[in-house]
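Just so you know, these numbers come straight off a predicted model, no measurement behind them. One-based numbering, in listed order, for ligands and for the atoms of each.
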Amino acid sequence: MARKIIIDTDPGQDDAVAILLALASPEEVEVLGITAVAGNVPLALTQRNARIVCELAGRRDIRVFAGCDAPLERALVTAEYVHGNTGLDGITLPEPTMPLQDGHAVDFLIETLRGAPSETVTLCPLGPLTNIAAAFRRAPDIVARVQEIVLMGGAYFEVGNVTPAAEFNIYVDPEAARDVFASGVPITVMPLDVTHKVLTTRPRIDAFRALGTEVGEVVASWTDFFERFDMAKYGHDGAPLHDPCVIAHLVRPGLFGGRHVNVEIETQSDLTRGMTVADWWGVTDRARNATFMGEVDADGFYDLLTGRLARL
Ligand code: RIB
Ligand code: CA
């Protein structure tokens with residue numbers, strides 16, 4: 001039985017690969033809809049990019065909604081320096097022709113969770129948690145109806161990527177992250193601790209290109225572009241492919257390992273804004289609210305990803 005999911009996203013090349021992996025895995029995940037949020041680039045581009053990816057996958061039927069264009073309580077911070085001005089730099093793709101849904105993404109989240117049997121819908125946030133937190137604030141009754149949240153965000157042993165203390169998705173909207181982590185919904189976290197172990201090395205990008213398909217060429221071009229910033233910054237032989245870890249966990253959970261711990265979000269300090277404070281050694285009596293991943297079979301991850309992309 002495929003897991004019903006809603007992907008909340010700020011494409012971004014790595015978000016785009018995550019969406020493709022989900023759409024190529026109907027046995028394991030059923031995408032009920034895609035909700036765009038402001039993050040890597042502004043909302044006007046993230047909703048456009050989400051539709052570009054769906055059309056690339058031949059899935060004009062997927063409902064894409066535009067959500068929040070700014071964090072709950074702060075000014076938007078974007079990341080064109082990583083993703084390029086369009087958010088999907090690396091290759092030029094045609095403008096989308098599939099429609100953007102009329103409704104707001106937050107209303108779609110609320111209506112879908114109210115309309116489905118309780119605990120049968122999984123939320124997969126791949127960007128700032130603004131849409132999720134806004135839905136929980138507007139309709140507290142839906143919180144208990146969420147099956148699980150599997151998100152990309154945070155960092156603990158790997159430290160931050162946008163500041164020394166914080167990972168980008170959490171940093172952009174720390175109040176939203178605080179609310180989501182305190183919601184009581186079961187959460188599985190794919191932090192930088194694990195995403196920095198799935199690097200787009202040259203053989204792995206070559207394997208995308210060797211698929212000989214449009215999707216393979218596009219994904220190879222995205223990762224060629226996407227990795228230049230992180231390789232210069234970290235000196236690794238590839239860039240972390242963050243967001244597909246969320247979907248890969250749903251498709252093949254055995255790829256990942258972590259620990260069920262308490263995670264809380266720093267919102268008061270400018271120095272550590274957006275830090276995910278993981279009580280890894282259980283030194284507090286704070287409730288364990290998240291499975292915080294730290295281990296991954298990287299070769300298994302790329303074998304799965306490449307094999308599924310070959311289907312599109
Ligand atoms: O820090 C990495 C995260 O920020 C990824 O989700 C990337 O797409 C950006 O949103
Ligand atoms: Ca993202």
Side-chain angles (χ1 to χ4, degrees), residues 6-22 34-43 45-50 52-53 64 67-68 70-71 76-90 105 123-132 149-174 176-177 180 188-200 219 222-223 225-231 233-234 236 238-249 265 273-276 292-293:
I6 295 172
I7 299 175
D8 188 72
T9 180
D10 64 335
Q13 292 88 349
D14 60 319
D15 302 67
V17 178
I19 294 167
L20 291 175
L21 176 57
I34 295 178
T35 51
V37 67
N40 284 320
V41 288
L43 178 67
L45 285 171
T46 59
Q47 59 89 345
R48 163 196 178 265
N49 294 345
I52 285 175
V53 179
V64 176
C68 298
L76 178 63
V77 174
T78 54
E80 287 87 351
Y81 58 92
V82 177
H83 300 274
N85 290 333
T86 71
L88 286 184
D89 284 27
L123 304 181
C124 298
L126 309 179
L129 290 163
T130 314
N131 285 342
I132 311 301
I149 293 174
V150 185
L151 67 88
M152 191 278 140
Y156 192 60
F157 295 102
E158 186 64 22
V159 300
N161 59 1
V162 67
T163 72
E167 178 278 326
F168 178 81
N169 289 340
I170 310 299
Y171 176 83
V172 170
D173 198 340
V180 168
T188 297
V189 183
M190 294 289 164
L192 299 181
D193 302 51
V194 77
T195 68
H196 279 208
K197 295 177 179 175
V198 288
L199 300 179
T200 59
V219 169
W222 281 338
T223 46
F225 178 89
F226 173 77
E227 73 172 10
R228 84 216 179 288
F229 176 82
D230 280 335
M231 284 175 71
K233 174 177 172 182
Y234 296 110
H236 296 150
L241 199 53
H242 307 284
D243 294 333
C245 290
V246 168
I247 306 302
H249 171 69
I265 311 300
R273 156 195 169 168
M275 181 176 180
T276 47
F292 202 82
M293 293 301 190

Exercise. Determine which of the N, O or S atoms in Asp10 is closest to the Ca ion (ligand 2) and give its atom name.
Key: OD1
Quiz item: Do Asp89 and Thr86 meet the criterion of a side-chain donor-acceptor pair at a distance under 3.5 Å?
Solution: yes
Quiz item: Can you tell me if Asp8 and Thr35 form a side-chain donor-acceptor pair at under 3.5 Å?
Solution: yes
Exercise. Specify the protein heavy atom at minimum distance from atom 5 (C) of ligand 1: its residue, its atom name, and the distance to 0.1 Å.
Key: Asp14 OD2, 3.3 Å
Quiz item: Between Ala166 and Arg273, which heavy-atom pair has the shortest distance, and what is it?
Solution: CB-O, 3.2 Å
Quiz item: Aromatic rings Phe226 and His83: how do their planes relate, parallel, tilted or perpendicular, breaks at 30° and 60°?
Solution: tilted
Exercise. Return yes or no for this condition: an N or O of Glu167 is under 3.5 Å from an N or O of ligand 1.
Key: yes
Quiz item: Do Leu126 and ligand 1 have an N or O pair less than 3.5 Å apart?
Solution: yes
Self-check item: Heavy-atom check, side chain of Thr200 versus side chain of Asp230, under 4.5 Å
Solution: no
Quiz item: What atom name does the N, O or S atom of Asp243 nearest to the Ca ion (ligand 2) carry?
Solution: OD2
Practice problem: With heavy atoms only and a cut-off of under 4.0 Å, state how Asp15 meets ligand 1: side chain, backbone, both or neither. | Solution: side chain
Quiz item: Is Val82 touching ligand 1 with its side chain, its backbone, both, or neither, if touching means heavy atoms under 4.0 Å apart?
Solution: neither
Quiz item: From Leu126, does some N, O or S atom reach closer than 3.0 Å to the Ca ion (ligand 2)?
Solution: yes
Quiz item: Tell me, do Ile170 and Leu129 make a side-chain contact under 4.5 Å, heavy atoms counted?
Solution: yes
Quiz item: Can an N, O or S atom be found in Asp15 less than 3.0 Å away from the Ca ion (ligand 2)?
Solution: yes
